[in-house]
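Below is one structure, written out as structure tokens, with a few remarks after it.
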Amino acid sequence: MLQQTRVDTVVPFYERFVSTFPTFEALAGASLRSVLKVWENLGYYSRARNLHKAAHVIVHEMNGEFPSSMKDLRNLPGIGPYIAAAISSIAFGQVVPAVDGNVKRVLARVFFIQDPSDDKDVKQQIQDIANVLVPKHDSGAFNQAVMELGAMICRPRNPRCRECPINKSCEAFDHGAQDSLPVLLKRHPIPHKEMTAGIMFNQKRQLLVVQRPNHGLLGGLWKFPGGERMEGDKDLAHTLRRSIREETGIHVRVGKTLHSVKHTYTHFRITLFAFQCSRRSGVPIPLDCQDVLWVKVGDLGQLPMSKADRKIWELL
DNA sequence: AAGCCGGGGCT
DNA sequence: AGCCCAGGCTT
């Protein structure tokens with residue numbers, strides 16, 4: 001949960017998650033849908049899918065025993081170098097450094113590393129320094145201490161160097177360069193996309209929703225049918241007719257605009273336009289999606305949806 | 001090695 | 001509007 005996600009954001013999700021799935025057996029036995037529902041709004045949903053898978057591996061392939069070595073931890077889906085090191089050092093007392101974003105920033109400053117910290121060699125250099133620094137005793141506490149120092153004192157912006165317990169050992173502070181380290185690579189500007197969502201009821205006053213493919217953006221979450229405006233679309237109504245046909249095979253008539261919401265993802269922004277829609281012909285089947293479902297508006301709260309789609313639902 | 005993957009808070 | 005968050009997986 002803590003991957004690229006602030007502790008304060010995670011805490012309520014964590015509490016709800018462990019009370020819903022208190023054991024590996026409970027998590028392994030739960031449906032992916034129920035896991036995604038508890039994860040809803042936390043983002044990076046592959047983490048939820050991987051955690052669900054990992055619980056299954058622990059219960060069915062590891063005799064229900066949680067692994068303690070770096071090597072065995074790395075074999076669980078979703079556990080990479082940082083988490084393997086964090087768990088084995090904090091929970092099992094192994095002498096390994098846990099290098100997260102905080103640690104990289106602290107070490108880049110303390111050791112005055114002026115090359116971009118995203119560079120492969122620089123990452124290795126930081127890892128090498130951490131390997132030397134990690135103490136034989138209480139390495140888990142050391143790891144947490146460096147992370148905490150990075151979060152509270154050696155912050156990305158406006159570091160509190162006067163209050164820093166190790167400022168006398170910090171080369172960046174010596175040079176007065178703490179604000180310009182670590183060096184950032186410039187990022188590409190993110191594109192803007194226009195997205196469409198069809199709000200369509202059947203005679204039973206049920207709403208049509210589709211489930212996204214399990215891999216890719218917002219994998220496994222539910223959405224209103226519709227898609228991105230492409231080159232050849234002459235207007236958004238055209239986009240919506242085309243994308244609903246691709247997703248579900250049905251032909252629709254596009255009515256009036258109901259709402260529009262803006263949302264920012266990691267690599268692009270969207271404006272999502274919701275249109276009233278009616279079915280002209282065909283029966284919805286899962287073509288360019290994983291599943292289709294007619295659902296009562298009130299029951300849509302049970303299905304995991306992204307923030308942008310949830311906003312549309314709330315406006316309805 | 002680079003791209004992909006969310007949502008939220010701070011500046 | 002940009003940046004960053006107790007990163008990992010895929011290609």
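When reading the values below, keep in mind they use all heavy atoms of this one structure, side chains included, and skip hydrogens, waters and symmetry mates. Protein chains get the first letters and strands the later ones, always in sequence-line order, with residue 1 at the start of each.
Taking the six-membered ring where tryptophan is involved, the planes of A:F268 and A:Y265 are tilted, since the angle between them lies from 30° to 60°.
Smallest separation of non-hydrogen atoms from A:L217 and A:R212: O-CD, 3.7 Å.
At a cut-off of 3.5 angstrom, the base of C:dC4 holds at least one donor-acceptor pair with the side chain of A:R6.
Note on A:Y82: a base of the nucleic acid sits closer than 4.0 angstrom, heavy atoms only. No engagement by A:H215 is indicated, since no non-hydrogen atom pair under 4.0 Å with the nucleic acid exists. Among the atoms of the strands shown, none is found under 4.0 Å from any heavy atom of A:T9. As judged by a 4.0 angstrom heavy-atom cut-off over every strand, A:R155 is placed among residues making no nucleic acid contact. Backbone-only engagement by A:R105 is indicated by non-hydrogen atom pairs under 4.0 Å involving sugar-phosphate atoms exclusively.
The only option from A:E194, A:H192, A:H263 that meets the side-chain hydrogen bond (donor to acceptor under 3.5 Å, both in side chains) definition with A:T271 turns out to be A:H192.
Across residues 30-42 of chain A, A:N41, A:L42 each have a non-hydrogen atom less than 4.0 Å from an atom of DNA chain B (numbered order).
Judged by the 6.0 Å distance and 45° axis criteria, A:R47 is not positioned over the aromatic ring of A:Y44.
Between the P atom of C:dC4 and the CE atom of A:M152 lies a distance of 19 Å, rounded to the nearest Å. Rounded to whole Å, the distance from CG on A:N158 to P on B:dG9 is 19 Å.
The shortest side-chain heavy-atom distance between A:F201 and A:V297 falls under the 4.5 Å cut-off.
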